[in-house]
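I have placed the structure first, in the form of C-alpha coordinates, so that the comments after it can refer back to it.
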Amino acid sequence: VTLETMDSELKQAEIRLRQSQESLLFALESARMGTWDIDLETGKVSCSDSMLDLWGLSREGFKGERPELQSKVHPEDLENMCAAVDGAIRSRSVYDLEYRILPKPGVERWVNSRGRCTYDPGSDRPSRLSGVVFDVTRQKTEALERARLHDLSECAVKARDNLISISAHELLTPVSGSKLQMEILKLKLDQGVDLSRKELVRIATQTDENLDRLSMLINDMLDLSRINLGKFTIKPQRVNLSEVIEEAVERSRLLVEFAGCVPKIAIVPGIEAEVDQYRIGQVVSNLISNACRYAYGKPILIELSAPENGSARISVSDQGMGIRQEDHARIFERFERAATLDENAGLGLGLFIVKQIVDAHLGSVRVESELGRGARFMVDLPVRQQRGSG
Amino acid sequence: VIEDDGVIRDALREILEMSGYAVDTAIHGADALEKVRTGEILPSLILLDLNMPVMPGKEFLEKLRVESEAHARIPVVLMSAVPDENITGVAGILRKPVGMKAILERVRSFQGPA
(Lines give C-alpha, C1' and ligand atoms only; values in the text may rest on other atoms or scores of the structure.)
Protein backbone atom coordinates (compact mmCIF):
# COMPACT_ATOMS: atom_id res chain seq x y z
CA VAL A 1 0.00 0.00 0.00
CA THR A 2 1.51 3.24 -1.06
CA LEU A 3 1.13 6.58 0.65
CA GLU A 4 -0.66 7.77 -2.43
CA THR A 5 -3.39 5.19 -2.25
CA MET A 6 -3.72 5.84 1.50
CA ASP A 7 -4.09 9.52 0.86
CA SER A 8 -6.70 8.90 -1.80
CA GLU A 9 -8.64 6.54 0.49
CA LEU A 10 -8.51 9.11 3.27
CA LYS A 11 -9.91 11.74 0.91
CA GLN A 12 -12.65 9.35 -0.16
CA ALA A 13 -13.47 8.68 3.51
CA GLU A 14 -13.58 12.41 4.22
CA ILE A 15 -16.03 12.93 1.37
CA ARG A 16 -18.23 10.09 2.62
CA LEU A 17 -18.08 11.48 6.16
CA ARG A 18 -19.08 14.96 4.96
CA GLN A 19 -21.89 13.46 2.89
CA SER A 20 -23.19 11.48 5.79
CA GLN A 21 -22.93 14.53 8.09
CA GLU A 22 -24.90 16.54 5.58
CA SER A 23 -27.59 13.94 5.31
CA LEU A 24 -27.65 13.65 9.11
CA LEU A 25 -28.11 17.43 9.42
CA PHE A 26 -30.85 17.29 6.82
CA ALA A 27 -32.52 14.48 8.74
CA LEU A 28 -32.22 16.38 12.02
CA GLU A 29 -33.75 19.46 10.50
CA SER A 30 -36.56 17.57 8.81
CA ALA A 31 -37.44 15.77 12.02
CA ARG A 32 -37.29 19.06 13.94
CA MET A 33 -34.68 17.39 16.05
CA GLY A 34 -31.46 18.74 17.54
CA THR A 35 -28.37 17.25 19.09
CA TRP A 36 -26.28 18.58 21.94
CA ASP A 37 -23.26 17.65 23.97
CA ILE A 38 -21.99 19.07 27.27
CA ASP A 39 -18.47 18.75 28.58
CA LEU A 40 -19.11 18.35 32.29
CA GLU A 41 -15.55 19.41 33.20
CA THR A 42 -15.65 22.78 31.43
CA GLY A 43 -19.43 23.23 31.24
CA LYS A 44 -19.11 24.03 27.54
CA VAL A 45 -22.00 23.08 25.29
CA SER A 46 -21.92 22.28 21.64
CA CYS A 47 -25.12 21.79 19.74
CA SER A 48 -26.49 21.43 16.24
CA ASP A 49 -27.91 24.38 14.32
CA SER A 50 -31.32 22.71 14.46
CA MET A 51 -31.11 22.61 18.27
CA LEU A 52 -30.25 26.34 18.43
CA ASP A 53 -33.12 26.95 16.03
CA LEU A 54 -35.55 25.13 18.33
CA TRP A 55 -34.28 27.12 21.29
CA GLY A 56 -34.58 30.41 19.39
CA LEU A 57 -30.84 31.08 19.62
CA SER A 58 -28.54 32.23 16.85
CA ARG A 59 -25.21 30.59 16.09
CA GLU A 60 -23.46 33.97 16.30
CA GLY A 61 -24.98 34.93 19.66
CA PHE A 62 -24.51 31.53 21.28
CA LYS A 63 -21.56 31.44 23.67
CA GLY A 64 -21.82 27.70 24.38
CA GLU A 65 -22.88 28.07 28.02
CA ARG A 66 -25.32 25.70 29.75
CA PRO A 67 -27.41 28.53 31.38
CA GLU A 68 -28.13 29.93 27.91
CA LEU A 69 -30.12 26.78 27.17
CA GLN A 70 -31.64 26.43 30.66
CA SER A 71 -32.93 30.01 30.69
CA LYS A 72 -35.31 29.10 27.86
CA VAL A 73 -36.88 26.19 29.71
CA HIS A 74 -40.37 26.92 31.07
CA PRO A 75 -39.95 27.92 34.74
CA GLU A 76 -42.55 25.35 35.78
CA ASP A 77 -40.65 22.54 34.05
CA LEU A 78 -37.05 23.46 34.91
CA GLU A 79 -36.89 21.70 38.25
CA ASN A 80 -38.28 18.49 36.76
CA MET A 81 -35.82 18.58 33.90
CA CYS A 82 -32.79 19.11 36.18
CA ALA A 83 -33.95 16.27 38.45
CA ALA A 84 -34.29 13.90 35.47
CA VAL A 85 -30.80 14.76 34.19
CA ASP A 86 -29.21 14.40 37.65
CA GLY A 87 -31.03 11.13 38.17
CA ALA A 88 -29.80 9.73 34.85
CA ILE A 89 -26.20 10.70 35.68
CA ARG A 90 -26.40 8.99 39.06
CA SER A 91 -28.15 5.85 37.87
CA ARG A 92 -26.16 5.62 34.63
CA SER A 93 -29.36 5.44 32.66
CA VAL A 94 -30.96 7.28 29.77
CA TYR A 95 -33.38 10.06 30.66
CA ASP A 96 -36.38 10.69 28.51
CA LEU A 97 -38.81 13.47 29.27
CA GLU A 98 -41.02 16.14 27.79
CA TYR A 99 -40.93 19.76 28.83
CA ARG A 100 -41.79 23.19 27.55
CA ILE A 101 -39.37 25.79 26.27
CA LEU A 102 -39.95 29.48 25.58
CA PRO A 103 -37.75 30.23 22.56
CA LYS A 104 -39.22 33.69 21.93
CA PRO A 105 -41.65 35.88 23.82
CA GLY A 106 -45.11 34.51 23.23
CA VAL A 107 -43.88 31.23 21.75
CA GLU A 108 -44.13 27.99 23.70
CA ARG A 109 -42.76 24.74 22.38
CA TRP A 110 -42.95 21.21 23.73
CA VAL A 111 -39.77 19.17 23.34
CA ASN A 112 -38.96 15.57 23.98
CA SER A 113 -35.43 15.32 25.32
CA ARG A 114 -33.38 12.16 25.64
CA GLY A 115 -29.85 12.04 26.90
CA ARG A 116 -27.23 10.05 28.69
CA CYS A 117 -23.94 10.55 30.42
CA THR A 118 -20.55 9.08 29.58
CA TYR A 119 -17.97 8.50 32.26
CA ASP A 120 -14.23 8.98 32.31
CA PRO A 121 -12.68 5.51 31.89
CA GLY A 122 -9.92 6.23 34.44
CA SER A 123 -11.65 8.10 37.28
CA ASP A 124 -15.19 6.87 36.48
CA ARG A 125 -16.37 10.47 36.92
CA PRO A 126 -19.17 11.79 34.68
CA SER A 127 -17.43 13.47 31.79
CA ARG A 128 -19.93 14.24 29.04
CA LEU A 129 -23.65 14.55 28.75
CA SER A 130 -25.14 14.24 25.30
CA GLY A 131 -28.49 13.74 23.75
CA VAL A 132 -31.19 14.64 21.27
CA VAL A 133 -34.27 16.85 21.44
CA PHE A 134 -37.36 16.63 19.27
CA ASP A 135 -39.98 19.29 18.74
CA VAL A 136 -43.20 17.52 19.83
CA THR A 137 -45.37 20.64 20.02
CA ARG A 138 -47.83 19.39 17.45
CA GLN A 139 -48.25 15.92 18.97
CA LYS A 140 -48.52 17.45 22.43
CA THR A 141 -51.09 20.06 21.36
CA GLU A 142 -53.11 17.36 19.67
CA ALA A 143 -52.88 15.11 22.73
CA LEU A 144 -53.96 17.95 25.01
CA GLU A 145 -56.86 18.75 22.70
CA ARG A 146 -57.88 15.08 22.66
CA ALA A 147 -57.75 15.01 26.47
CA ARG A 148 -59.85 18.18 26.61
CA LEU A 149 -62.46 16.72 24.24
CA HIS A 150 -62.44 13.50 26.22
CA ASP A 151 -63.08 15.39 29.48
CA LEU A 152 -65.79 17.38 27.76
CA SER A 153 -67.60 14.32 26.49
CA GLU A 154 -67.25 12.65 29.88
CA CYS A 155 -68.81 15.73 31.47
CA ALA A 156 -71.66 15.59 28.96
CA VAL A 157 -72.29 11.93 29.71
CA LYS A 158 -72.28 12.63 33.45
CA ALA A 159 -74.64 15.56 32.99
CA ARG A 160 -76.97 13.35 30.97
CA ASP A 161 -76.90 10.56 33.56
CA ASN A 162 -77.51 13.13 36.23
CA LEU A 163 -80.46 14.52 34.31
CA ILE A 164 -81.93 11.05 33.88
CA SER A 165 -81.68 10.43 37.61
CA ILE A 166 -83.13 13.82 38.55
CA SER A 167 -85.89 13.52 35.95
CA ALA A 168 -86.80 10.06 37.18
CA HIS A 169 -87.15 11.36 40.69
CA GLU A 170 -89.10 14.43 39.65
CA LEU A 171 -91.43 12.44 37.43
CA LEU A 172 -92.01 9.71 39.96
CA THR A 173 -93.11 12.02 42.76
CA PRO A 174 -96.41 13.07 41.12
CA VAL A 175 -96.83 9.54 39.75
CA SER A 176 -96.40 8.07 43.24
CA GLY A 177 -98.92 10.44 44.76
CA SER A 178 -101.60 9.83 42.16
CA LYS A 179 -100.97 6.10 42.15
CA LEU A 180 -101.52 5.82 45.90
CA GLN A 181 -104.54 8.07 45.70
CA MET A 182 -106.11 5.93 42.96
CA GLU A 183 -105.43 2.76 44.93
CA ILE A 184 -107.18 4.21 47.94
CA LEU A 185 -110.10 5.33 45.76
CA LYS A 186 -110.39 1.89 44.19
CA LEU A 187 -110.31 0.20 47.57
CA LYS A 188 -113.04 2.47 48.90
CA LEU A 189 -115.18 1.87 45.81
CA ASP A 190 -114.67 -1.89 46.21
CA GLN A 191 -115.69 -1.68 49.84
CA GLY A 192 -118.76 0.35 48.93
CA VAL A 193 -117.64 3.38 50.94
CA ASP A 194 -119.67 6.52 50.19
CA LEU A 195 -117.33 9.22 49.01
CA SER A 196 -118.19 12.77 49.90
CA ARG A 197 -118.36 15.41 47.19
CA LYS A 198 -115.61 17.29 49.00
CA GLU A 199 -113.31 14.26 48.92
CA LEU A 200 -113.93 13.69 45.22
CA VAL A 201 -113.18 17.34 44.45
CA ARG A 202 -109.94 17.08 46.40
CA ILE A 203 -108.85 13.92 44.57
CA ALA A 204 -109.75 15.41 41.17
CA THR A 205 -107.90 18.67 41.92
CA GLN A 206 -104.77 16.91 43.16
CA THR A 207 -104.72 14.49 40.24
CA ASP A 208 -105.11 17.40 37.83
CA GLU A 209 -102.23 19.24 39.51
CA ASN A 210 -100.00 16.19 39.42
CA LEU A 211 -100.72 15.78 35.71
CA ASP A 212 -99.88 19.48 35.16
CA ARG A 213 -96.63 18.95 37.01
CA LEU A 214 -95.80 15.95 34.84
CA SER A 215 -96.61 17.86 31.64
CA MET A 216 -94.41 20.74 32.72
CA LEU A 217 -91.48 18.45 33.48
CA ILE A 218 -91.88 16.62 30.19
CA ASN A 219 -92.10 19.91 28.27
CA ASP A 220 -88.94 21.14 29.98
CA MET A 221 -87.15 17.96 28.93
CA LEU A 222 -88.40 18.34 25.35
CA ASP A 223 -87.29 21.99 25.33
CA LEU A 224 -83.85 20.97 26.53
CA SER A 225 -83.57 18.44 23.74
CA ARG A 226 -84.72 21.08 21.18
CA ILE A 227 -82.13 23.52 22.52
CA ASN A 228 -79.40 20.87 22.40
CA LEU A 229 -80.30 19.99 18.82
CA GLY A 230 -80.39 23.66 17.85
CA LYS A 231 -84.08 23.34 16.99
CA PHE A 232 -85.39 25.80 19.53
CA THR A 233 -87.40 28.46 17.69
CA ILE A 234 -89.87 31.15 18.62
CA LYS A 235 -92.93 32.31 16.71
CA PRO A 236 -93.27 36.04 17.38
CA GLN A 237 -96.59 37.79 16.79
CA ARG A 238 -97.84 41.28 17.57
CA VAL A 239 -99.60 40.84 20.93
CA ASN A 240 -100.66 42.74 24.00
CA LEU A 241 -97.71 41.89 26.26
CA SER A 242 -99.53 43.15 29.35
CA GLU A 243 -102.32 40.63 28.78
CA VAL A 244 -99.87 37.80 28.06
CA ILE A 245 -98.21 38.42 31.40
CA GLU A 246 -101.47 38.81 33.28
CA GLU A 247 -102.63 35.45 31.89
CA ALA A 248 -99.36 33.77 32.87
CA VAL A 249 -99.66 35.14 36.40
CA GLU A 250 -103.24 33.90 36.54
CA ARG A 251 -102.18 30.40 35.47
CA SER A 252 -99.57 30.36 38.24
CA ARG A 253 -101.99 31.58 40.90
CA LEU A 254 -102.68 28.14 42.33
CA LEU A 255 -98.98 27.36 42.55
CA VAL A 256 -98.34 30.67 44.30
CA GLU A 257 -101.14 30.05 46.79
CA PHE A 258 -99.88 26.53 47.42
CA ALA A 259 -96.49 27.91 48.34
CA GLY A 260 -98.24 30.25 50.76
CA CYS A 261 -96.95 33.20 48.76
CA VAL A 262 -98.90 36.40 48.25
CA PRO A 263 -98.75 37.65 44.65
CA LYS A 264 -98.51 41.42 44.12
CA ILE A 265 -99.01 42.59 40.58
CA ALA A 266 -97.96 45.87 38.98
CA ILE A 267 -98.52 45.54 35.24
CA VAL A 268 -98.67 48.62 33.02
CA PRO A 269 -101.62 47.90 30.69
CA GLY A 270 -101.69 48.01 26.91
CA ILE A 271 -98.01 47.39 26.12
CA GLU A 272 -97.73 45.98 22.62
CA ALA A 273 -94.82 43.81 21.55
CA GLU A 274 -93.90 41.28 18.92
CA VAL A 275 -93.20 38.17 20.96
CA ASP A 276 -93.93 34.45 21.11
CA GLN A 277 -96.74 34.64 23.64
CA TYR A 278 -96.53 30.98 24.67
CA ARG A 279 -92.79 31.29 25.35
CA ILE A 280 -93.05 34.61 27.18
CA GLY A 281 -95.81 33.09 29.32
CA GLN A 282 -93.38 30.28 30.06
CA VAL A 283 -90.70 32.82 31.10
CA VAL A 284 -93.13 34.39 33.58
CA SER A 285 -94.37 31.10 35.01
CA ASN A 286 -90.82 29.71 35.32
CA LEU A 287 -89.73 32.83 37.21
CA ILE A 288 -92.79 32.64 39.45
CA SER A 289 -92.35 28.94 40.20
CA ASN A 290 -88.71 29.64 40.98
CA ALA A 291 -89.69 32.38 43.41
CA CYS A 292 -92.22 30.04 45.07
CA ARG A 293 -89.60 27.37 45.51
CA TYR A 294 -87.11 29.62 47.23
CA ALA A 295 -89.42 32.06 49.02
CA TYR A 296 -91.98 29.84 50.70
CA GLY A 297 -94.75 31.84 52.36
CA LYS A 298 -93.53 35.30 51.34
CA PRO A 299 -94.85 37.93 48.91
CA ILE A 300 -93.91 37.79 45.24
CA LEU A 301 -93.99 40.94 43.14
CA ILE A 302 -94.63 40.65 39.40
CA GLU A 303 -94.13 43.82 37.37
CA LEU A 304 -94.26 44.97 33.77
CA SER A 305 -92.98 48.47 33.19
CA ALA A 306 -93.49 50.73 30.20
CA PRO A 307 -90.83 50.50 27.46
CA GLU A 308 -87.67 52.52 27.90
CA ASN A 309 -85.14 52.68 25.05
CA GLY A 310 -87.30 50.28 23.06
CA SER A 311 -87.37 47.58 25.76
CA ALA A 312 -90.13 46.61 28.16
CA ARG A 313 -89.08 45.14 31.48
CA ILE A 314 -90.73 42.17 33.14
CA SER A 315 -89.55 41.57 36.67
CA VAL A 316 -90.31 38.99 39.33
CA SER A 317 -89.11 39.75 42.85
CA ASP A 318 -89.19 37.55 45.90
CA GLN A 319 -88.08 37.83 49.51
CA GLY A 320 -86.51 34.38 49.68
CA MET A 321 -83.07 33.10 50.52
CA GLY A 322 -81.36 35.14 47.81
CA ILE A 323 -78.45 34.19 45.58
CA ARG A 324 -74.78 34.82 46.19
CA GLN A 325 -73.12 37.26 43.78
CA GLU A 326 -70.74 34.59 42.47
CA ASP A 327 -73.69 32.37 41.47
CA HIS A 328 -75.55 35.01 39.43
CA ALA A 329 -74.25 33.85 36.06
CA ARG A 330 -74.15 30.13 36.88
CA ILE A 331 -77.86 29.81 37.68
CA PHE A 332 -78.78 30.48 34.03
CA GLU A 333 -76.82 27.43 32.89
CA ARG A 334 -78.45 24.05 32.45
CA PHE A 335 -78.87 21.79 35.49
CA GLU A 336 -77.81 24.58 37.82
CA ARG A 337 -79.67 25.84 40.84
CA ALA A 338 -78.83 28.21 43.64
CA ALA A 339 -79.09 25.54 46.30
CA THR A 340 -77.99 21.91 46.35
CA LEU A 341 -80.05 19.11 44.85
CA ASP A 342 -81.37 17.68 48.09
CA GLU A 343 -82.85 20.93 49.24
CA ASN A 344 -84.81 22.11 46.25
CA ALA A 345 -86.51 19.94 43.72
CA GLY A 346 -86.81 20.63 40.01
CA LEU A 347 -84.78 19.72 36.97
CA GLY A 348 -82.55 22.77 37.21
CA LEU A 349 -83.76 23.76 33.75
CA GLY A 350 -86.18 26.59 34.54
CA LEU A 351 -83.80 29.54 34.36
CA PHE A 352 -81.80 27.94 31.55
CA ILE A 353 -84.97 27.76 29.46
CA VAL A 354 -85.88 31.34 30.47
CA LYS A 355 -82.52 32.53 29.17
CA GLN A 356 -82.87 30.60 25.90
CA ILE A 357 -86.31 32.12 25.30
CA VAL A 358 -85.17 35.65 26.16
CA ASP A 359 -82.06 35.28 23.97
CA ALA A 360 -84.22 34.12 21.08
CA HIS A 361 -86.24 37.35 21.50
CA LEU A 362 -82.95 39.33 21.40
CA GLY A 363 -83.64 40.43 24.96
CA SER A 364 -81.65 40.05 28.14
CA VAL A 365 -82.20 38.54 31.56
CA ARG A 366 -80.33 39.14 34.78
CA VAL A 367 -80.76 38.86 38.52
CA GLU A 368 -80.22 41.32 41.33
CA SER A 369 -79.78 39.55 44.62
CA GLU A 370 -77.81 39.13 47.77
CA LEU A 371 -77.73 36.08 50.03
CA GLY A 372 -80.59 36.27 52.50
CA ARG A 373 -82.15 39.31 50.84
CA GLY A 374 -84.46 37.91 48.18
CA ALA A 375 -83.97 38.04 44.45
CA ARG A 376 -85.23 40.17 41.58
CA PHE A 377 -85.16 38.66 38.08
CA MET A 378 -85.39 41.20 35.28
CA VAL A 379 -86.18 40.43 31.66
CA ASP A 380 -85.73 43.21 29.11
CA LEU A 381 -87.61 42.54 25.89
CA PRO A 382 -87.32 44.68 22.76
CA VAL A 383 -90.86 45.74 21.82
CA ARG A 384 -90.26 47.06 18.30
CA GLN A 385 -88.52 45.07 15.62
CA GLN A 386 -88.36 41.35 16.28
CA ARG A 387 -86.97 38.43 14.45
CA GLY A 388 -87.35 34.77 15.15
CA SER A 389 -84.19 32.90 15.81
CA GLY A 390 -83.23 29.30 15.48
CA VAL B 1 -94.28 9.42 57.69
CA ILE B 2 -91.75 12.02 56.59
CA GLU B 3 -92.57 13.22 53.09
CA ASP B 4 -92.64 16.69 51.51
CA ASP B 5 -95.17 15.92 48.79
CA GLY B 6 -98.61 16.60 50.23
CA VAL B 7 -100.49 14.10 48.08
CA ILE B 8 -98.15 11.24 48.92
CA ARG B 9 -98.07 12.18 52.60
CA ASP B 10 -101.87 12.29 52.92
CA ALA B 11 -102.26 9.05 50.96
CA LEU B 12 -99.75 7.23 53.17
CA ARG B 13 -101.51 8.47 56.27
CA GLU B 14 -104.88 7.32 54.93
CA ILE B 15 -103.62 3.89 53.90
CA LEU B 16 -101.97 3.27 57.25
CA GLU B 17 -104.84 4.62 59.30
CA MET B 18 -107.30 2.46 57.36
CA SER B 19 -105.20 -0.51 58.46
CA GLY B 20 -105.39 0.58 62.07
CA TYR B 21 -102.04 2.26 62.61
CA ALA B 22 -101.57 5.52 64.48
CA VAL B 23 -99.80 7.87 62.11
CA ASP B 24 -97.92 11.10 62.58
CA THR B 25 -96.57 13.04 59.62
CA ALA B 26 -93.82 15.58 59.02
CA ILE B 27 -93.13 17.68 55.93
CA HIS B 28 -89.32 17.46 56.07
CA GLY B 29 -86.45 16.21 58.23
CA ALA B 30 -86.31 19.22 60.54
CA ASP B 31 -90.05 19.06 61.16
CA ALA B 32 -89.76 15.34 61.92
CA LEU B 33 -86.80 15.76 64.27
CA GLU B 34 -88.74 18.38 66.20
CA LYS B 35 -91.73 16.02 66.49
CA VAL B 36 -89.62 13.04 67.54
CA ARG B 37 -87.80 15.12 70.18
CA THR B 38 -90.89 16.60 71.77
CA GLY B 39 -93.28 13.69 71.15
CA GLU B 40 -94.46 11.65 74.09
CA ILE B 41 -94.10 8.32 72.32
CA LEU B 42 -91.37 6.96 70.13
CA PRO B 43 -92.57 5.83 66.69
CA SER B 44 -92.28 2.07 66.07
CA LEU B 45 -91.37 2.73 62.45
CA ILE B 46 -90.39 5.69 60.28
CA LEU B 47 -91.14 5.93 56.55
CA LEU B 48 -88.64 8.44 55.21
CA ASP B 49 -88.49 10.26 51.87
CA LEU B 50 -84.98 11.24 50.76
CA ASN B 51 -85.37 14.36 48.63
CA MET B 52 -86.97 17.02 50.78
CA PRO B 53 -86.48 20.73 51.32
CA VAL B 54 -84.98 22.22 54.52
CA MET B 55 -83.60 18.91 55.80
CA PRO B 56 -83.28 15.99 53.39
CA GLY B 57 -83.79 12.40 54.52
CA LYS B 58 -80.12 11.53 54.75
CA GLU B 59 -79.39 14.37 57.15
CA PHE B 60 -82.44 13.51 59.26
CA LEU B 61 -81.23 9.93 59.52
CA GLU B 62 -77.79 11.02 60.72
CA LYS B 63 -79.29 13.37 63.31
CA LEU B 64 -81.79 10.77 64.52
CA ARG B 65 -79.04 8.20 65.05
CA VAL B 66 -77.17 10.43 67.47
CA GLU B 67 -80.27 11.75 69.26
CA SER B 68 -80.44 8.92 71.81
CA GLU B 69 -80.04 5.16 71.96
CA ALA B 70 -83.82 4.71 71.83
CA HIS B 71 -84.04 6.97 68.76
CA ALA B 72 -81.18 5.18 67.09
CA ARG B 73 -83.10 1.90 67.41
CA ILE B 74 -86.22 3.10 65.51
CA PRO B 75 -86.37 1.16 62.24
CA VAL B 76 -86.38 3.44 59.19
CA VAL B 77 -87.70 2.50 55.75
CA LEU B 78 -86.57 4.76 52.92
CA MET B 79 -88.89 5.78 50.12
CA SER B 80 -87.11 7.01 47.04
CA ALA B 81 -87.25 6.93 43.29
CA VAL B 82 -83.49 6.79 43.03
CA PRO B 83 -82.11 4.97 46.09
CA ASP B 84 -78.84 6.35 47.34
CA GLU B 85 -76.31 3.54 47.52
CA ASN B 86 -74.42 5.33 50.28
CA ILE B 87 -77.14 5.08 52.88
CA THR B 88 -76.64 2.20 55.28
CA GLY B 89 -78.29 1.03 58.45
CA VAL B 90 -81.85 1.33 57.22
CA ALA B 91 -84.48 -1.34 57.74
CA GLY B 92 -85.53 -1.32 54.09
CA ILE B 93 -86.05 0.63 50.92
CA LEU B 94 -89.33 1.16 49.08
CA ARG B 95 -88.86 2.27 45.50
CA LYS B 96 -91.19 4.94 44.20
CA PRO B 97 -93.74 4.71 42.77
CA VAL B 98 -94.66 2.53 45.68
CA GLY B 99 -98.01 0.73 45.82
CA MET B 100 -100.35 0.33 48.74
CA LYS B 101 -99.75 -3.42 48.97
CA ALA B 102 -95.97 -3.06 49.20
CA ILE B 103 -96.26 -0.41 51.89
CA LEU B 104 -98.61 -2.45 54.05
CA GLU B 105 -96.54 -5.61 53.66
CA ARG B 106 -93.44 -3.76 54.70
CA VAL B 107 -95.08 -2.05 57.65
CA ARG B 108 -96.67 -5.30 58.87
CA SER B 109 -93.27 -7.02 58.86
CA PHE B 110 -92.20 -4.65 61.64
CA GLN B 111 -95.15 -5.39 63.85
CA GLY B 112 -94.17 -7.01 67.10
CA PRO B 113 -96.32 -9.73 68.70
CA ALA B 114 -99.68 -8.19 69.56
Side-chain angles (χ1 to χ4, degrees), chain A residues 161-188 190-191 193 195 199 202-214 217 255 258-260 292-297 320-321 337-347, chain B residues 1-20 23 25 27-31 47-63 77-87 93-107:
Chain A
D161 289 349
N162 209 9
L163 177 71
I164 292 173
S165 149
I166 295 170
S167 317
H169 188 274
E170 286 299 308
L171 294 169
L172 282 173
T173 299
V175 170
S176 295
S178 291
K179 163 105 181 123
L180 286 175
Q181 214 165 38
M182 290 306 119
E183 281 187 347
I184 297 170
L185 184 62
K186 222 163 60 188
L187 185 75
K188 285 182 175 169
D190 285 348
Q191 292 175 344
V193 176
L195 292 149
E199 196 173 352
R202 179 180 60 88
I203 292 170
T205 311
Q206 288 176 339
T207 306
D208 192 34
E209 274 160 21
N210 272 347
L211 290 173
D212 280 349
R213 231 167 109 188
L214 285 169
L217 288 164
L255 176 80
F258 250 50
C292 291
R293 189 171 295 148
Y294 291 99
Y296 236 69
M321 61 203 272
R337 63 199 82 219
T340 56
L341 168 64
D342 279 341
E343 288 165 11
N344 291 281
L347 292 182
Chain B
V1 174
I2 310 170
E3 164 67 61
D4 62 323
D5 184 88
V7 177
I8 300 179
R9 194 172 58 238
D10 291 346
L12 287 172
R13 176 197 277 278
E14 198 170 354
I15 288 167
L16 293 167
E17 282 180 347
M18 279 194 298
S19 301
V23 183
T25 58
I27 57 168
H28 50 64
D31 183 25
L47 296 182
L48 177 66
D49 182 30
L50 281 181
N51 281 60
M52 289 181 293
V54 187
M55 188 193 285
K58 202 171 169 178
E59 193 184 333
F60 166 79
L61 201 57
E62 283 158 10
K63 294 228 160 88
V77 171
L78 298 181
M79 300 179 296
S80 179
V82 192
D84 189 330
E85 308 295 333
N86 298 324
I87 296 184
I93 296 173
L94 283 168
R95 286 205 60 171
K96 281 182 181 174
V98 50
M100 192 160 73
K101 202 167 147 244
I103 291 166
L104 288 174
E105 267 170 21
R106 188 56 69 98
V107 172

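On a predicted model such as this, the values are computed, not experimentally measured, just so you know.
When all heavy atoms of B:Pro97 and A:Ser176 are compared, the closest pair comes out as CA-OG, 3.2 Å. Across all their heavy atoms, B:Ala11 and A:Ile184 have their closest contact at O-CD1, 3.5 Å.
Of the residues considered (A:Leu187, A:Val175, A:Leu171), A:Leu187 shows the highest number of contacts with chain B, using heavy-atom pairs under 4.5 Å.
Between B:Ile15 atom CD1 and A:Gln181 atom CD the span is 10.0 Å, to the nearest 0.5 Å. The NZ atom of A:Lys188 sits 3.5 Å away from atom CD of B:Glu14, with the distance rounded to the nearest 0.5 Å. For the atom pair CG (A:Leu172) and CD1 (B:Ile8), the distance works out to 9.0 Å, reported to the nearest 0.5 Å.
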Apply side chain to side chain contact (heavy atoms under 4.5 Å, CB included) to residues A:Leu180 and B:Ile103 and explain how you reach the verdict. CA-CA 10 Å; A:Leu180 286 175; B:Ile103 291 166; 3.8 Å; yes
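For a residue to count as touching a neighbouring chain, one of its non-hydrogen atoms must lie under 4.5 Å from one of that chain's; by this rule A:Lys186 does not touch chain B. At a 4.5 Å heavy-atom cutoff, the contact between B:Met18 and chain A is made by side-chain atoms alone.
The closest donor-acceptor contact from the side chain of A:Glu183 to the backbone of B:Met100 lies under 3.5 Å.
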